[in-house]
Amino acid sequence: MKRINFCAGPAILPPSVYKQAAEAVVDYKGLGLSLLEISHRTDWFDEIIHGARGLVADMMQLNDDYDVLFLTGGASSQFALVPFNLLPTNGTACYIDTGRWSDKAVKEAKLFGNVKVVASSAKEGYKHIPKNFELGTDCTYLHLTTNNTVSGTQMHQLPEVQAPIVADMSSDIFSKPMDGKDYGLIYAGAQKNVGAAGTTLVVIRKDLLGKVQRAIPTMLDYRTHIKHLSLFNTPPVFPIYCCYLTLQWVQAQGLETIAANNKAKADLIYNEIDRNGLFTGYTALADRSLMNATFVCTNPDLESTFLQTLEEAGCIGLKGHRSMGGFRASMYNAMDIAGVQVLVDVMQEFERKLG
Ligand SMILES: *Cc1c(COP(=O)(O)O)cnc(C)c1O
């Protein structure tokens, strides 16, 4: 059975990536070696990691002020590593609380210094992105989540602030053209738009480092990984290779094309959610995510039947986050419009059957 994967993460990747990754596991580039046994201290792996770092720098238009790292521990470790490395004990970090992931980031930051949550939509079920807030003068950095994977909102415009912006871009990185220089630090778990689970992309403006007094364990200090070109210890070789392949695919498509496709896919699903009387969108229209579309059944009694209908049609991973219920269609870069059309067809067929 052909299945279409609408899961929020790990997520769908381009078919060419699956194929090349599979071939590399059996025999990497005809070397008579599997990629899985190749030392990270070889020219072979150098080409992969520096190739991947170069593609990130290129697509984010970075300059030498920035460094690109592939770390481990997921985006969730970055919730702590960011304040550990950037926030002085007597400093204040500002956070915009737009969802479950931002909230987790806030909790970790509180371990290291003062945290000011400058805006939050928690009380409204994270249905929108708050836009009016004051940072104050003593803000070391402003942390925000560009796409809220759970509730399905996205920040379509970056706030204009003086403080360096730290962005969790796990679920919308490389979904549209971007200028990395607008940010002080960017992090993203790979398993949504960048590649396979097991590595985390971190982009850092280097002048933000070295301003805290506390001792930082070697492996948790960004400077260690910058100094050793992301090769201080054994990196996750295979996930990084999957990132390299995916980044090559992204670059070949071009971010403009990717953005246009993402817009077309989102329009297709949201038009159906708004047209079809059986469904209601969850979030505020202006803040709808192009990556994760969340919706509920107007009649909640129909949800389990609809979920079953989806699964019979091969559409999987659509059950809403356990904290939310309802449905979530994740449509990352590698999802093609034909996949979303199948989902829309299922929604229309469901309406006909019940109508
Ligand atoms: C998935 C996700 C995370 C968590 O990533 P892990 O790599 O599993 O730690 C954090 N933030 C956002 C916005 C996400 O979508």
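Each ligand, and each atom within it, is numbered from 1 in the order the structure gives.
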*Other than M291, what residues sit in its cluster of Ile, Leu, Val, Met, Phe, Trp and Tyr side chains whose heavy atoms are under 4.5 Å apart, directly or through others?*
Y332
*asked:* Using ring pair (Phe, Tyr, Trp, His ring centres under 6.0 Å), reason through H40 and F45 one step at a time and then give a plain yes or no.
replied: CA-CA 5 Å; H40 58 293; F45 188 67; 7.1 Å; no
*Over all atoms of both residues, closest heavy-atom pair of T98 and Y126*: C-CD2, 3.3 Å
*Between T283 and T153, do the side chains contain an N or O donor and an N or O acceptor separated by less than 3.5 Å?*
no
_According to salt bridge (charged side-chain N to carboxylate O under 4.0 Å, His left out), does anything in residues 210-229 pair up with another residue at least two apart or in another chain? List the pairs._
D221-R223
Identify all N/O pairs between ligand 1 and the protein with a separation under 3.5 Å and present them as a table of atom names and distances.
from: ligand 1; atom 1: 7 (O); to: A75; atom 2: N; distance (Å): 3.0
from: ligand 1; atom 1: 7 (O); to: Q191; atom 2: NE2; distance (Å): 2.9
from: ligand 1; atom 1: 8 (O); to: Q191; atom 2: NE2; distance (Å): 3.4
from: ligand 1; atom 1: 9 (O); to: A75; atom 2: N; distance (Å): 3.2
from: ligand 1; atom 1: 9 (O); to: S76; atom 2: N; distance (Å): 2.8
from: ligand 1; atom 1: 9 (O); to: S76; atom 2: OG; distance (Å): 2.6
from: ligand 1; atom 1: 11 (N); to: D168; atom 2: OD2; distance (Å): 2.6
from: ligand 1; atom 1: 15 (O); to: T149; atom 2: OG1; distance (Å): 2.4
from: ligand 1; atom 1: 15 (O); to: K192; atom 2: NZ; distance (Å): 2.7

*Using the test ring-ring contact (aromatic ring centres under 6.0 Å, His included), find all partners of Y241 that sit at least two apart in sequence or belong to another chain.*
Y28
